[in-house]
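In what follows, a single structure is set out as structure tokens and then discussed.
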Amino acid sequence: MQELLVSKNEEGWKLKKLCFQYFKDVPNSFTYKMLRKKNILLNGGKASGDEILKMGDKVQIYISDESLKKLREEGSKAGELPKLSDYKWLTPDRVLYETEDWLILDKPSGVLSQKGKPGEQSVNDAVIAYLLDKGSISEKSLELFRPSVCNRLDRNTSGIISASKTRKGARELTDYYRAKDGRSAGKYYLTIVHGNCTLKGHFDRLEYVKSNSNNQAYVWMIGGKRPPETMNFGKSVIIWTDLTPLSYNREKDVTLMLCRLHTGRSHQIRVTMQHYGYHVVGDPKYGNPVRDHFLGTEQTGQLLLAFQLKLPDGKVVQAGVPQAFLGYFPNAEQLAIEKIKKI
């Protein structure tokens with residue numbers, strides 16, 4: 001017999017929804033069959049599945065561990081739980097902010113937000129390892145809800161990334177990032193681009209579309225000719241980025257840029273800078289490999305940092321500036337902070 005204790009994550013759900021989640025790799029008809037046969041009880045009594053759950057309710061499921069294991073497809077469960085000791089990068093200073101429902105981390109370059117195949121490390125698994133180590137979640141609770149990142153960063157983009165600890169946190173962060181009333185506009189990035197970039201102001205005249213097949217984004221001026229290779233990619237959207245040059249390194253011929261996102265599309269900054277002819281240093285997809293070669297940055301990945309974020313509760317968090325940036329602009333952090341204060 002399995003017993004589930006309803007937490008605040010599941011409060012307000014119907015019983016059958018909780019059961020569907022628990023048997024997530026099994027057809028829903030199995031849940032209905034179990035309810036009919038009275039193999040699923042609520043607080044020890046018969047249940048139809050339509051009952052609204054309250055925190056503290058107990059759901060008894062009369063199925064053996066062996067039968068449950070057979071029902072779930074091979075590899076459908078998380079497998080061996082991640083251990084915090086495997087994530088050397090997740091030091092205390094990488095946890096920028098934490099509430100009861102979500103947390104903000106400072107992701108280093110080279111770490112995936114979500115793993116693409118078994119064996120890869122990801123922020124998702126690091127968050128689970130961290131919360132398990134703290135005792136904030138348990139192996140049992142993971143059967144009903146798995147904490148996960150709510151905004152993704154590319155592997156070689158470093159800086160601020162958020163993750164939910166509860167369903168409430170997932171809803172709050174998702175609503176925040178999707179907000180269209182300006183609440184989510186407090187997202188600042190730092191990047192270094194080739195050349196003496198003088199782009200400054202609001203750049204909201206670009207149409208954007210992205211191909212899932214090659215993970216490539218394309219942009220063009222509103223009203224302009226759409227690239228022929230994007231004709232089958234569906235409807236385009238408008239992207240909006242504020243750009244501000246902070247400093248120019250004449251010796252290396254690179255510019256430190258402050259970017260403020262008003263829309264949050266994948267590769268938005270990288271493809272915007274490519275469109276205007278100022279490629280992000282080290283960018284393997286939208287960059288300039290010849291100029292990267294002469295800088296010795298062709299293997300480093302794009303110099304792009306999710307630097308500062310204003311959170312839903314008004315708190316402002318800030319990531320550390322990597323050494324890769326400081327090698328070109330030792331005062332990058334100071335320049336960015338001073339400029340943001342004036343915006």
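Values below: all heavy atoms of this structure, side chains included; hydrogens, waters and symmetry mates excluded.
- Ring orientation note: the planes of His202 and His262 are nearly perpendicular, at an angle over 60° on the 30°/60° scale.
- For Arg167, there are no salt bridge (charged side-chain N to carboxylate O under 4.0 Å, His left out) partners, not counting sequence neighbours.
- A distance of 11.0 Å separates CG in Asn232 from CD in Glu229, rounded to the nearest 0.5 Å.
- For His267, the ring pair (Phe, Tyr, Trp, His ring centres under 6.0 Å) partners two or more places apart in sequence, or in a different chain, are Tyr286.
- Through direct or indirect side-chain contacts shorter than 4.5 Å among Ile, Leu, Val, Met, Phe, Trp and Tyr, Met231 is connected to no other residue.
- Screening residues 272-285 for side chain to side chain donor-acceptor pair (under 3.5 Å) gives Arg270-Asp283 as the qualifying pairs, with residues at least two apart or on separate chains.
- For the side chain to side chain donor-acceptor pair (under 3.5 Å) test, no residue two or more places apart in sequence or in another chain qualifies with Arg265.
- For Arg205, there are no side chain to side chain donor-acceptor pair (under 3.5 Å) partners two or more places apart in sequence or in a different chain.
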Report task. Test ring-ring contact (aromatic ring centres under 6.0 Å, His included) on Phe20 and Tyr32 and set out the steps. Result -> CA-CA 10 Å; Phe20 293 156; Tyr32 290 119; 5.6 Å; yes

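- Of the possible donor and acceptor atoms, one in the side chain of Asn288 sits under 3.5 Å from a partner among the backbone N and O of Val290.
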Requested in this report: Report the C-alpha separation of Tyr188 and Phe307 in whole Å, then their side-chain angles, then the decisive distance to 0.1 Å, and conclude whether the ring-ring contact (aromatic ring centres under 6.0 Å, His included) test is met.
Outcome: CA-CA 6 Å; Tyr188 291 93; Phe307 177 63; 8.3 Å; no

Show me, pair by pair, the donor-acceptor contacts under 3.5 angstrom made by side chains of residues 190-198, not counting sequence neighbours?
unit_1 : atom_1 : unit_2 : atom_2 : d
Thr191 : OG1    : Leu303 : O      : 2.7
His194 : NE2    : Asp292 : OD1    : 2.8

Which donor-acceptor pairs under 3.5 Å do the side chains of residues 12-19 make with protein atoms, sequence neighbours left out?
unit_1 : atom_1 : unit_2 : atom_2 : d
Lys16  : NZ     : Asp50  : OD1    : 3.0

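- Here Phe233 is tied into one hydrophobic group with Val209, Tyr218, Trp220, each link being a pair of ILVMFWY side chains closer than 4.5 Å.
- When atom types are taken as modelled, the side chain of Ser158 and the backbone of Lys107 share no donor-acceptor pair closer than 3.5 angstrom.
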Ignoring hydrogens and angles, write down the donor-acceptor pairs under 3.5 Å from the side chains of residues 323-342, residues two or more places apart or on other chains.
unit_1 : atom_1 : unit_2 : atom_2 : d
Glu333 : OE2    : Gln318 : NE2    : 2.9
Gln334 : NE2    : Glu338 : OE2    : 3.1

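- Summarising the local packing, CZ of Phe30 is surrounded by more than 12 heavy atoms from other residues, nucleotides or ligands at distances under 6.0 Å.
- Placement of Leu90 and Leu81 within a single hydrophobic cluster is found when ILVMFWY residues are connected by side-chain heavy-atom separations under 4.5 Å, directly or transitively.
- For Lys54, the salt bridge (charged side-chain N to carboxylate O under 4.0 Å, His left out) criterion is met by no residue, not counting sequence neighbours.
- The two residues Leu243 and Cys259 make their nearest non-hydrogen contact at CD2-SG, 3.7 Å.
- Between the OG1 atom in Thr255 and the CG atom in Asp253 there is a gap of 7.0 Å [rounded to 0.5 Å].
- The side chain to side chain donor-acceptor pair (under 3.5 Å) check on Gln121 picks up nothing, with sequence neighbours excluded.
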